[in-house]
Structure formats: structure tokens, C-alpha cells
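Input: a single structure, listed below in C-alpha cells.
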Amino acid sequence: MQIKTMDASAIKKCFLAGANAIDERKERINDLNVFPVPDGDTGTNMTMTIMSAANEVAAIEIADMKALCKAISSGSLRGARGNSGVILSQLLRGFTKEISKVEEVDVRVLSKAFERAVESAYKAVMKPKEGTILTVARAGAEKALELVDRTDNLAEFTNSVIMHMQDVLDQTPEMLPVLKDAGVVDSGGEGLLTILQGAYDALIGKKVNSSIDTEETAGDTTKMRADTEAVAGADIRFGYCTEYIVMLEKEFLSSDEREFKTYLESIGDSIVCVADEDIIKIHVHTNDPGLAIQKGLQYGSLSHMKIDNMREEHNERVIKNSQNLQNEPEHKENGFISVSVGSGLGDIFRNLGVDFIIEGGQTMNPSTEDILHAIQHINADTIFILPNNSNIILAAEQAKDLTEDKKIIVIPSKNIPQGIAAMIGFENSVSPEENEVAMTEALEQVKSGQVTYAVRDTTIDGKEIKSGDIMGLSGKTIEAVGTEVIPTTVELLEKMIDDDSELVTIYYGEDATEEEAEKIAAQIQLQHEDIDVEIQYGGQPIYYYFVSAE
């Protein structure tokens, strides 16, 4: 089949087909995660990221290349979840920046787009690792550059690029020993190839699914809760929560952004005005949504419009909870956002001074836009973000880059105990910069572990693991494997405790009991009389225990 160019309509069809392809295969990609834990979710993260963009793309009736590229870039950027989702969003961002310059894409444009996509993605990762989605993407860009003078047929060109990427993906176990031990290829690379294969099938005319069910994909599995999210009390000053995205059709300067915010403040409160080069995200509580919408139309077309009657919602909440709502918080110097899961852990963070808890559900992977939403809810000059999961740090950094009106500091906490240690390390009397140093140093003072169950058979860290086995993990190492929770947790803690350990903390989840936690504590205390052992209710799903030694 001879195809020399693709217009915006063809690009749109290919993109939607690629999005649906990974949506259909996400569970297979999830199964490729190295650790056999129940929250291995690369496929889910990449799917939710690209579906965020697909919803915006599907809403475009007449495919224009610039509008299409804006939808893909902004939708994936704000919907990005997990490291794999953030990297995918950056690949799409770089790709669309290149093709947005033309009306039709040929082999040369596509090659440049691949190259720019890889450049953008590598910049987003501080320490790129070979054998990952980045390696597979770079291999595609290199192959594209090699082929650009050999053929002008997009079908032949793209097929050769995908085949080469598949060869490199198959080699990833030789690049990362942990992949080889688990007997899998890189899940992020597999996800990327799944998207490209779906797009290629659409390109050559195969029967593909290029429609998007916006109602089905609009749902957000990330539930957020904040002590500050209840706006007003029985008397709500502004009755309508109004949200929309402006697809920019003209230049939007810093002066325009200031003027836009000033106008919104004149008609309401709880203002969010986040500008990217392609879009503006607007949120305002107002009594006249029409005025807010008319203002947005001055800068471009609108999408994702949503208007909620807060007085009605408030009344329903009062009936359900019989509880007064709080007013907008007063301005303060420092604010805190923490990702957490489980009512007990949420209470612990709030007691330590956290203003906004992002409940990430079982996988704890909120999107970049979820974090932006949390930032806008906090009236503070400096906001510290605790991701509490290594898979959320990139999304937090991306939210930081998109925030201009507040100083954002991301403390790279990789788990719940580290996040708690960081909050304990905060000191009101010193500067944000000094606190950043102290809170980051606090992360290194605590050893953290977690206990969960295996979802499949595998071999890792030299251990044979069967589906249903109990695993004790510390960092990225499986320290203990057994068939019962209590002895496996004790074994994990014994390997974490050293001569410098003074305190062990056990956070028990929703599938564990205080009585069981006390049995674990008693066994540790018996072996280590000089160590204090504390028990806290966490309420987290999936993980029987989070534990720490410090």
C-alpha cells in the first residue's frame, strides 16, 4: 500500500485507534510489571493518560492539525498518571510540537516528530535507564532517521520502525537483569508499541475502533479529599462551580493571564487559571457561569465545560453527613499536599499539618491535573508536595512546572513512612529552601517496607514466588516470602532493623487487625528490647502492612 502523506483527519483516526488498542490490552501490559504486586499498573496508567487526550481529540468535529495537536498534547499532559504516563505524555507532546507546523505529514516530518518526541521524554526523566520505554522510543527515532532517505511510503516506513522497536523491546531483558529474572519485557515499551501498532493498523486501512465513548472514559478513579474542599457553609456565596478548557486560538501573554484572573476574581472565587502554550484550564465559583464562559470565548473555543450547582450539592451533603462545611482557608506561608490511601493514614497526615490529601486509590496514581487541582485549593505562598510513591514523583514535577503563581517544592518521598518522616522534619522557623533540604534528608533516615500478596507466579531476587504468596518488600527488593502474613512481616522487619534502629512503626491496613499487629510488635519487642515499637491504624487497601524502622 502506497501512502505518502497523512492529513489531520488521518492522524486523528490513527491516534484514536492507538488509544483504543492499549485500552483493550492494558491488563496484558499490567501483567508484565516486574513485581507481582496487585498494583502493578503500567497498562492502566498509560491507558488513562492517552484516554484523557482521546476524549479531547474525539470532541474535535473538523480535524485541523493545530487543534488536533493541542488536544493530544494538553489532554495527555494533564491526564498523565504514573511514570509511564508522564513519559508517554512527553512523547506525545514532543511529537505534536513537530507535526503542528504542517498541514500534511510525510516521512520526513514523521521522522523529525519521532526525534522530537524522544528528546522531550528524555528531558522529563532525571536519570534515564536503559531497557525501558525510553530505550524503545529512542530506537524508533533512530530507525526513522535511518529510513528517511530510503522510502517515501509512510506505510512501509512506519512498519519498519515498529518492527525495529519490537526487536529492541525483545532485548530489554538483556539490558535490565530484573526483567530477565522475571521473564518479561519492559511493560512501558510494550504499551508504546501497542499504541503504535493500533495507529499503524488504522493507517493501512484495517478495521479498527477509532471511536471514543466519552462517558465511559471520563470517569476518574482517583478520589480526592481535602479538609478545605468543602466551600462555604449553609450560606454559599457563589452557587455555581464552573470549569472549562480554552483551546487557544491566539497568543496568550502573561498580561492576558493576569487580566483573565482579575476578571474571574471580580465575578467569583476559588479561581484556577492555568495556562499552557496550547490551552487554558479554568475553574471558578460564580453566580453567573455565562460571564465566565463568555470571557473564555475571547481566547478560543471551549471544551470540557462543566457547571455544578454547589448549593444543591451542599444540601445533599448536609443531609448525608450532618456536618458543617468550612470556609476558604486563610492565606499562610506554607501549605502541604500528600498522596495517601486509607482513612487512618489520612488522619496521620492531617494531624501533621497536611492541608490536602489526594487519595489515589489502590494504585495511588493521581494525574497531573489532580495535583494541579490540589495546588489551587491551598492558599499558601509555598506548597510542599509529598508523592509518597516513586511512580507519582514525575507527575508532581509536571504539576510544579505548570504552576506559576505559587512556589512548589516536591519532596521525592517514595512511600508513606518517608512522607510521614518528611512532615515531621518540617520546621516553621526556617525558610522553604532549608525545609526542602531537611525534609529530603529525613527521607534517608527511615527504612520502609510493605507487605502484600503476589498476583502471579514468578522468580525475582532469587526467590520462587507463587500466586497468593505473602511478600515483604523493602524498596525494590523482595526481602521475605511466605504463606502467612504475620511471620512474613516479622521476617521483613528483622531484615530492616540494624544496630542504629531505635523505633519501629507498624501501620496496619484494612485487611489486617490491631490484634495481629500487636502480635508482630510483641515478636519484634522480644528480639529487640531496646527498640520502641508503635502501632498505627493505616486503613490502606492491598497492603496488609506498611512498616518502618528508624
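Predicted model, so just to flag it, every value in this text is computed and none were measured.
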Exercise. So do the side chains of Leu169 and Gln166 get within less than 4.5 Å of each other, counting heavy atoms only?
Worked result: yes
Problem set entry | Lys180, NZ: over 12 other non-hydrogen atoms inside 6.0 angstrom | no
Exercise. Have Thr42 and Asn45 got a donor and an acceptor in their side chains that come within less than 3.5 Å?
Worked result: no
Problem set entry | Heavy atoms from other residues, nucleotides or ligands near NZ of Lys414 exceed 12 (cutoff 6.0 Å) | no
Exercise. Angle class for the Phe384/Phe426 ring planes (parallel below 30°, perpendicular above 60°, tilted otherwise)?
Worked result: perpendicular
Problem set entry | Residue pair Phe349, Phe336: steps toward the ring-ring contact (aromatic ring centres under 6.0 Å, His included) verdict | CA-CA 10 Å; Phe349 277 114; Phe336 303 90; over 10 Å; no
Problem set entry | cation_pi(Lys306, Tyr244) dist<6.0 Å, angle<=45 | no
Problem set entry | Exercise: do Ser429 and Glu427 side chains pair donor with acceptor under 3.5 Å | yes
Exercise. With Gln450, which of Leu473, Leu492, Ile542 fulfils side chain to side chain contact (heavy atoms under 4.5 Å, CB included)?
Worked result: Leu473
Exercise. How long is the gap from CD on Glu98 to CD on Glu119, to the nearest 0.5 Å?
Worked result: 9.0 Å
For this session: Determine whether more than 12 heavy atoms belonging to other residues, nucleotides or ligands lie under 6.0 Å from atom NZ of Lys406.
Result: yes
Exercise. Is the number of heavy atoms from other residues, nucleotides or ligands under 6.0 Å of Lys112 NZ greater than 12?
Worked result: no
